[in-house]
Amino acid sequence: MTLARQIDFSNAADVTPSDGDYETVRSVIETLTLEYQDQPSLEQLAARLDLSPTQLQKTFTRWAGLSPKAFLQAVTLDHAKRLLGREELPLLETSLELGLSGPGRLHDLFVTHEAMSPGEWKAKGAGLTIRYGYHASPFGQALVMITDRGLAGLAFADAGEEKACFEDMARRWPAANFVEDRSSTEPYADRIFNPSQWSCEQPLRVVMIGSDFQIRVWQSLMKIPMGRAVTYSDIANDIGQPTASRAVGAAVGRNPISFVVPCHRALGKSGALTGYHWGLTRKRAMLGWEAGQV
DNA sequence: GGAATCATGTGAT
DNA sequence: ATCACATGATTCC
């Protein structure tokens, strides 16, 4: 069973599922954004990947729920600015009082989150057992990390980079004890990347391990609904430190639970995608993919 | 308009 | 102390 198949629950019936979708899609997005000036045609893109134009069209649409053309539109500056939603203040203000560990509806994937105490954070994960495993996802190989209190980390790796990806994550909690255990991380992966399983009856448990400042930033990110976006300075305002937008950027960048904590919905004030720890292409992919999940 | 420049908070070394 | 940042506003051409 492939994740690509699970995700496209709307019209999966007439397509052949394939695990390699993200590779294809990634390459198309990269080309499209790198060379958008020469507007490469579907034929040209397909030729480079050794696919027929119709194959490519189908693969892409199955993945995103959006044709390549519509996708491109969904990740332009223009569209990003719309996502930012001029002057409709409530976005972040509304759900301000969530508290640290109360359950709540945080973006469209229902999660409860709790934060590690400052002491636990300072211990750098000492005494903590973290189980991890790799799973296929719409955005490449996903590295899932869990503790007995819930999901603690989610990272992405392109083929061959799994090792580096793991080390990147493990560095964050150097004193923790890591155990590979694919079977216990699998349910999390299933759950996260399958929108039809997003429900509040059994919320996804998430545990945030980070400094006080980082946790405030991440909680703020959780309030951004799917299909919307905010700027780094919006977040700075939300946490009551309006001049700290740059620090916010740094904290967003260190978010260990990418996608679930929707750090890809933070944009520069101009609407430009300014950066992403796991690659700008992936940030575009996530934004476009979400645009197709309506 | 766009490049260069500065003020800026946080966390790692 | 110092430094690198997924920023943003200002100030020059």
Side-chain angles (χ1 to χ4, degrees), chain A residues 26 29-30 33-34 36-37 75-81 83-87 89 91-92 107 115-126 128 139-140 142-143 152-158 161 164-165 167-176 208-224 228-290:
Chain A
R26 187 196 61 77
I29 297 173
E30 199 160 80
T33 47
L34 252 39
Y36 71 100
Q37 296 158 27
V75 291
T76 53
L77 246 189
D78 204 43
H79 183 85
K81 283 186 197 154
L83 252 42
L84 292 174
R86 299 273 143 261
E87 306 302 338
L89 333 163
L91 248 206
L92 291 173
H107 80 306
M116 286 288 195
S117 72
E120 286 172 304
W121 159 240
K122 274 221 303 268
K124 303 205 181 277
L128 202 63
F139 312 108
L143 173 58
L154 178 59
F156 295 97
D158 290 324
E161 287 174 15
C165 175
E167 268 155 26
D168 184 314
M169 293 301 288
R171 244 197 322 274
R172 298 162 196 240
W173 310 296
M208 296 180 180
I209 313 178
S211 71
D212 176 65
F213 180 83
Q214 288 170 338
I215 286 170
R216 278 180 7 246
V217 170
W218 300 338
Q219 282 176 337
S220 191
L221 285 172
M222 295 282 250
K223 301 187 217 159
I224 314 170
R228 297 296 304 272
V230 299
T231 66
Y232 296 98
S233 61
D234 286 340
I235 298 173
N237 277 311
D238 185 51
I239 63 174
Q241 303 195 29
T243 57
S245 50
R246 186 157 192 183
V248 165
V252 171
R254 298 198 58 81
N255 162 33
I257 320 179
S258 58
F259 188 68
V260 174
V261 176
C263 52
H264 54 284
R265 296 186 196 139
L267 312 178
K269 192 144 229 175
S270 65
L273 277 64
T274 38
Y276 195 68
H277 189 78
W278 308 108
L280 269 183
T281 299
R282 212 178 310 263
K283 187 168 180 174
R284 263 182 216 103
M286 287 179 179
L287 254 13
W289 183 80
E290 287 191 345

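On a predicted model such as this, the values are computed, not experimentally measured, just so you know. To find a chain, count down the sequence lines: A is the first, B the second, and so on, and within it residues start at 1. The basis for the numbers below is simple: all heavy atoms, side chains too, and nothing from hydrogens, waters or symmetry mates.
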### Query
Is any side-chain heavy atom of A:W121 closer than 4.5 Å to a side-chain heavy atom of A:D212?
no
### Query
Using a heavy-atom cut-off of 4.0 Å to chain A, what are the terminal contacting nucleotides of DNA chain C, in 5' to 3' order?
C:dC5 to C:dA9
### Task
Would you mind reporting whether A:Q219 and A:M208 have side-chain heavy atoms less than 4.5 Å apart?
yes
### Task
Under the side-chain contact (heavy atoms from CB on, under 4.5 Å) rule, what do A:R254 and A:R172 come out as? Steps first, then yes or no, please.
CA-CA 9 Å; A:R254 298 198 58 81; A:R172 298 162 196 240; 4.0 Å; yes
### Smallest separation among heavy atoms of A:F213 and A:A251, with atom names
CE2-CB, 3.9 Å
### Message
Any non-hydrogen side-chain atom of A:T33 less than 4.5 Å from a side-chain atom of A:L280?
### Response
no
### Task
Residues of residues 273-280 of chain A with any non-hydrogen atom less than 4.0 angstrom from an atom of DNA chain B: list those, numerically ordered, please.
none
Shorter than 3.5 Å, N or O on both sides, protein versus nucleotides 10-13 of chain B: list them out with atom names.
| from | atom 1 | to | atom 2 | distance (Å) |
| --- | --- | --- | --- | --- |
| B:dT10 | OP1 | A:Q241 | OE1 | 3.0 |
| B:dG11 | OP1 | A:S211 | OG | 2.1 |

### Message
Between A:K283 and A:L267, is there a side-chain heavy-atom distance shorter than 4.5 Å?
### Response
yes
### Query
How about A:W278 and A:F139: are their ring centres within less than 6.0 Å of each other?
no
### Derivation of the salt bridge (charged side-chain N to carboxylate O under 4.0 Å, His left out) call for A:R26 and A:E30
CA-CA 6 Å; A:R26 187 196 61 77; A:E30 199 160 80; 3.3 Å; yes
Taking only N/O atoms, report every protein-nucleotides 2-7 of chain B pair under 3.5 Å with atom names and distance.
| from | atom 1 | to | atom 2 | distance (Å) |
| --- | --- | --- | --- | --- |
| B:dA7 | N6 | A:R246 | NH1 | 3.1 |

### Task
Please identify each residue that fulfils salt bridge (charged side-chain N to carboxylate O under 4.0 Å, His left out) with A:R282, with sequence neighbours left out.
A:D158
### Query
Any side-chain heavy atom of A:V230 sitting closer than 4.5 Å to one from A:R265?
no
### Query
Less than 4.5 Å apart, any side-chain heavy atom of A:Y232 and any of A:T274?
yes
### Task
Please determine, by modelled atom types, if A:S258 and A:N255 share a side-chain donor-acceptor pair under 3.5 angstrom.
no
### Query
Parallel, tilted or perpendicular for A:H264 and A:F259, by the 30°/60° rule?
parallel
#### Entry: Any A:V75 side-chain heavy atom under 4.5 Å of A:I29 side chain
no
### Query
Is any side-chain heavy atom of A:C263 less than 4.5 Å from a side-chain heavy atom of A:Y276?
yes
### Query
How does DNA chain C look in dot-bracket notation if pairs are Watson-Crick or G-U with both distances under 3.5 Å, crossing ones as [ ], other-strand ones as |?
|||||.|||||||
